[in-house]
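Structure first, then comments.
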Amino acid sequence: MTALVENDFVATLRAHSARYHHQHPFHVRMNAGELSPRQLRGWIANRFYYQENIPRKDAAILSNCPDVEVRRRWIRRITDHDGTAGTEGGIEAWLRLGEAAGLPRAEILDHRHLVPGVRFAVDAYVNFTRTRPWVEAVASSLTELFAPDLMAERLAAFERHYPWIDAGGLAYFRNRLHQAPRDCEHALEIVTTHCLSAETRAAAIDALSFKCDVLWSQLDCIDTAYPE
Ligand SMILES: O=C(O)c1cc(C(=O)O)c2c(n1)C(=O)C(=O)c1cc(C(=O)O)[nH]c1-2
């Protein structure tokens with residue numbers, strides 16, 4: 001009985017793929033090769049704000065998490081993005097993606113292209129992880145269950161449709177192909193072991209819905225700011 005209910009819980013989480021931002025019209029146009037250089041650069045510059053805030057939200061989760069075993073594994077996410085002495089992290093890789101697309105790193109770093117709604121959505125995500133119970137914050141990261149398929153599609157689309165972007169700039173997406181499955185396996189393990197009541201399971205599902213909205217809202221704002 002418990003196993004069956006747990007299967008339902010995981011199935012409900014996975015069913016959120018239907019609300020994932022791979023379906024957003026901006027991503028659909030991106031993968032179909034229909035975006036202009038200006039639109040792609042706008043997306044890269046705005047998505048940087050998400051990238052640079054991911055380690056801050058992971059630090060918020062660490063600060064709220066009392067379990068040393070979880071912290072020992074979760075901390076890896078921060079160095080994946082920030083890098084370490086001698087190794088490039090995701091933030092640097094994203095800046096290189098920008099440069100490969102003709103966007104100077106200074107223009108990404110100073111947020112001159114950042115639109116208010118993207119800032120608002122990303123700040124809402126970080127705030128959520130600071131203020132909600134840590135297991136809910138972990139559940140909100142489960143959009144990464146759906147990310148690898150989108151990354152693989154995006155990689156192929158960039159190579160095929162946007163050859164003006166130097167292929168060396170695509171390392172960020174390649175790295176996420178193996179980082180995301182590892183990360184979401186851990187997140188799913190945490191959520192399924194900690195959310196055993198109807199209430200905690202409902203809260204985890206709500207957290208994942210909220211995160212789908214965060215990702216969708218970012219693209220809505222980028223889409224509006226960079227019309228065809
Ligand atoms: O480009 C994307 O579509 C996409 C989506 C997501 C996601 O599903 O949250 C993440 C990422 N990229 C990503 O690069 C990343 O590092 C990441 C971390 C997280 C998270 O919530 O912990 N999501 C994502």
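Note that ligands are numbered from 1 as they come in the structure, with each ligand's atoms numbered from 1 the same way.
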Have [X] and [Y] got a donor and an acceptor in their side chains that come within less than 3.5 Å?
| X | Y | value |
| --- | --- | --- |
| E107 | H113 | yes |
| D220 | H24 | yes |
| T200 | H194 | no |

Below 4.0 Å, non-hydrogen atoms only: which portion of [X] touches ligand 1? Side chain, backbone, both or neither.
| X | answer |
| --- | --- |
| D183 | neither |
| R77 | side chain |
| F146 | neither |

Counting from 1, what ligand 1 atoms have a heavy atom of [X] closer than 4.0 Å?
| X | result |
| --- | --- |
| L150 | 3 (O) |
| Y125 | 20 (C), 21 (O), 22 (O) |
| S141 | 21 (O), 22 (O) |
| H81 | 16 (O) |
| L215 | 7 (C), 8 (O), 9 (O) |

Using a strict cut-off of less than 4.0 Å between a Lys/Arg side-chain nitrogen and an Asp/Glu carboxylate oxygen, indicate whether [X] and [Y] qualify as a salt bridge.
| X | Y | answer |
| --- | --- | --- |
| D166 | R96 | no |
| R56 | D123 | no |
| D213 | R19 | yes |
| E144 | R182 | no |
| R73 | E69 | no |

Polar atom proximity, K211 to ligand 1 (N or O, under 3.5 Å): yes
Close N or O approach (D58, ligand 1; < 3.5 Å): no
Can you tell me the protein heavy atom closest to [atom] and the distance?
| atom | value |
| --- | --- |
| atom 2 (C) of ligand 1 | R47 NH1, 3.1 Å |
| atom 3 (O) of ligand 1 | H21 NE2, 2.8 Å |
| atom 13 (C) of ligand 1 | Y172 OH, 3.4 Å |
| atom 24 (C) of ligand 1 | Y50 OH, 3.5 Å |
| atom 18 (C) of ligand 1 | I54 CD1, 3.4 Å |
| atom 22 (O) of ligand 1 | K57 NZ, 2.7 Å |
| atom 5 (C) of ligand 1 | Y20 OH, 3.2 Å |

Gap between atom NZ of K211 and atom CZ of F128 - 0.5 Å precision: 10.0 Å
Of the listed options I91, T129, T143, closest to atom 9 (O) of ligand 1 (non-hydrogen atoms): T143
Cation-aromatic face contact R38/Y226, 6.0 Å, 45 degrees: no
Row check, W74 ring normal vs R71 NZ/CZ: under 6.0 Å, within 45°: no
Test ring-ring contact (aromatic ring centres under 6.0 Å, His included) applied to Y172 - qualifying residues, sequence neighbours left out: W94
Non-hydrogen atom of R154 closer than 4.0 Å to ligand 1: yes
